Amino acid sequence: MKKILIIGANGQIGSELIAALRGKYGAGNVVGFDLREPKEEQKKAGPFEVGDASKKEVLAAALDRHSIDTVFHLVALLSATGEKDPDLCWTLNMGSLKNVLDLAREKKLQVFWPSSIAAFGPATPKVKTPQETVMAPTTMYGVTKVAGELMCQYYKLKWGVDVRSVRYPGLISWKTPPGGGTTDYAVAIFYEALQKGSYECFVGQKTILPMMYMPDAIRGIMELMEAPKEKIKVNTSYNLAAISFSAQELADVVKKKVPGFSCSFKPDARQKIADSWPQSIDDSAARADWGWKHEYGLEKMADDMLENLKKKFGKK
Ligand code: AKB
């Protein structure tokens, strides 16, 4: 049985991944790790460590204490927050990844680390962005994703570290809101539609970005980590895709499902970041190598988001 550590367990991905992994491997075999104290229900659900992933000795002690063999390393400052403090973005994103890779090398751990569509930049082909292409991002977050991918590849080729990665599109989820990303509008629109009946979107209506619903994102990385080693042929990070839509198309779908909802568009600094990213992704390598397949389209995702958020807010 695997013994798993999730670093960044309280975040948007971590808080859902921890429940899915505990369901599969047993609560006692999946340890959460985060800088922030978990909620009461999380504390009761299984082992949890509060600590700083940028301190290697703290991480090493947690790995030893729980005899960990597999790490999901999810800590990162996202694109919009990263532009407010590029130094911190570099230090946190790269420092914590280097710690994890060094410990993986020493302790023979399997590692998952997420890259992102932010690893691409304005010179990258925008439609059906290929697996191998120009990678010259213009955000510090994107720079850390390209550098991180190359670090993962280096540790794999030089020392045989079993590190696996996907380039996530924008992730849409209802359990834990994202923080500091450019794609956050695709989550915020659902919250505000139900809570206020209106939303002011911070990118223009024609902005098209690749997105994915969280259940697909979680299943995808669990399948990637379980795939036989010989099937993993991309050493940097796999392109991963599900749905692409414009901000206007998203607003129209929400309008159809939430009577009286209205959406206005007021692009801010995040527009420039969105404009530097692809609109759709060619993920045929992930599909061919380890069988990736998404399940949620725009309508199905919107129905599920609204149903769950209504329950969360106690609405009918
Ligand atoms: C962001 O918007 O910064 C993230 C991402 C695409 O990696 N959601």
Side-chain angles (χ1 to χ4, degrees), residues 8 10-17 72-86 88-90 92-94 96-97 112-122 124 126 129 135-149 152 165-191 201-204 207-218 220-221 236-247 250 267-281 283 294 296 301 305:
N10 291 341
Q12 189 197 11
I13 304 173
S15 58
E16 301 214 22
L17 182 65
F72 289 77
H73 175 46
L74 307 173
V75 171
L77 223 60
L78 297 185
S79 56
T81 318
E83 286 314 284
K84 289 190 185 132
D85 194 343
L88 178 64
C89 183
W90 174 265
L92 175 72
N93 294 10
M94 295 312 294
S96 60
L97 176 61
F112 171 80
W113 171 79
S115 184
S116 158
I117 54 165
F120 301 118
T124 304
K126 280 212 174 308
T129 300
M135 300 192 71
T138 48
T139 61
M140 182 54 86
Y141 173 64
V143 170
T144 67
K145 289 303 180 189
V146 177
E149 287 191 18
C152 290
S165 177
V166 298
R167 293 174 184 146
Y168 270 141
L171 296 179
I172 300 174
S173 64
W174 58 269
K175 279 188 192 153
T176 306
T182 302
T183 58
D184 293 6
Y185 65 89
V187 178
I189 193 170
F190 288 99
Y191 275 75
C201 184
F202 59 75
V203 298
T207 304
I208 301 175
L209 286 174
M211 302 278 177
M212 182 178 290
Y213 196 36
M214 192 59 89
D216 277 338
I218 298 293
I221 60 175
T236 49
S237 187
Y238 277 97
N239 276 6
L240 208 67
I243 8 172
S244 284
F245 46 77
S246 68
L250 178 61
D268 65 14
R270 288 167 280 190
Q271 182 69 55
K272 196 169 158 218
I273 302 178
D275 289 343
S276 75
W277 291 349
Q279 295 185 340
S280 62
I281 301 290
D283 62 355
H294 72 279
Y296 286 84
M301 174 275 288
M305 273 297 278

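Atoms considered below: every heavy atom in the structure, side chains included; atoms not considered: hydrogens, waters and symmetry mates. Since the model is a prediction, treat every value here as computed from it, not as a measurement. In each ligand, atom 1 is the first atom listed, and ligand 1 is the first ligand listed. Throughout, residue positions are numbered sequentially from 1 according to the sequence presented.
Taking a cut-off of under 4.0 Å to the non-hydrogen atoms of W277, the atoms of ligand 1 that pass are 1 (C), 2 (O), 3 (O), 6 (C). Ligand-side atoms of ligand 1 in range of T182: 1 (C), 2 (O), 3 (O), range being under 4.0 angstrom from any heavy atom. Interface atoms of ligand 1 facing S79, defined by a heavy-atom separation under 4.0 Å, are 1 (C), 2 (O), 3 (O). Taking every heavy atom of L78 and a limit of under 4.0 angstrom, the matching atoms of ligand 1 come to 3 (O).
A242 pairs by the side-chain contact (heavy atoms from CB on, under 4.5 Å) definition with M212, H294, not counting sequence neighbours.
T183 OG1, 2.9 Å is the protein heavy atom nearest to atom 8 (N) of ligand 1.
Taking CG of D275 as the reference point, atom OG1 of T182 lies at 10.5 Å (rounded to 0.5 Å).
For the pair H73 and L97, the tightest heavy-atom approach, listed with the atom from each and the gap, is NE2-N, 3.5 Å.
Counting non-hydrogen atoms of neighbouring residues, nucleotides and ligands closer than 6.0 angstrom, the NZ atom of K126 exceeds 12 such neighbours.
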Could you pull out every donor-acceptor pair under 3.5 Å between side chains of residues 112-119 and any protein atom, sequence neighbours left out?
unit_1 : atom_1 : unit_2 : atom_2 : d
S115   : OG     : E149   : OE2    : 2.6
S116   : OG     : A118   : N      : 2.8

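Among A274, A119, S116, the residue whose heavy atom lies closest to atom 7 (O) of ligand 1 is S116.
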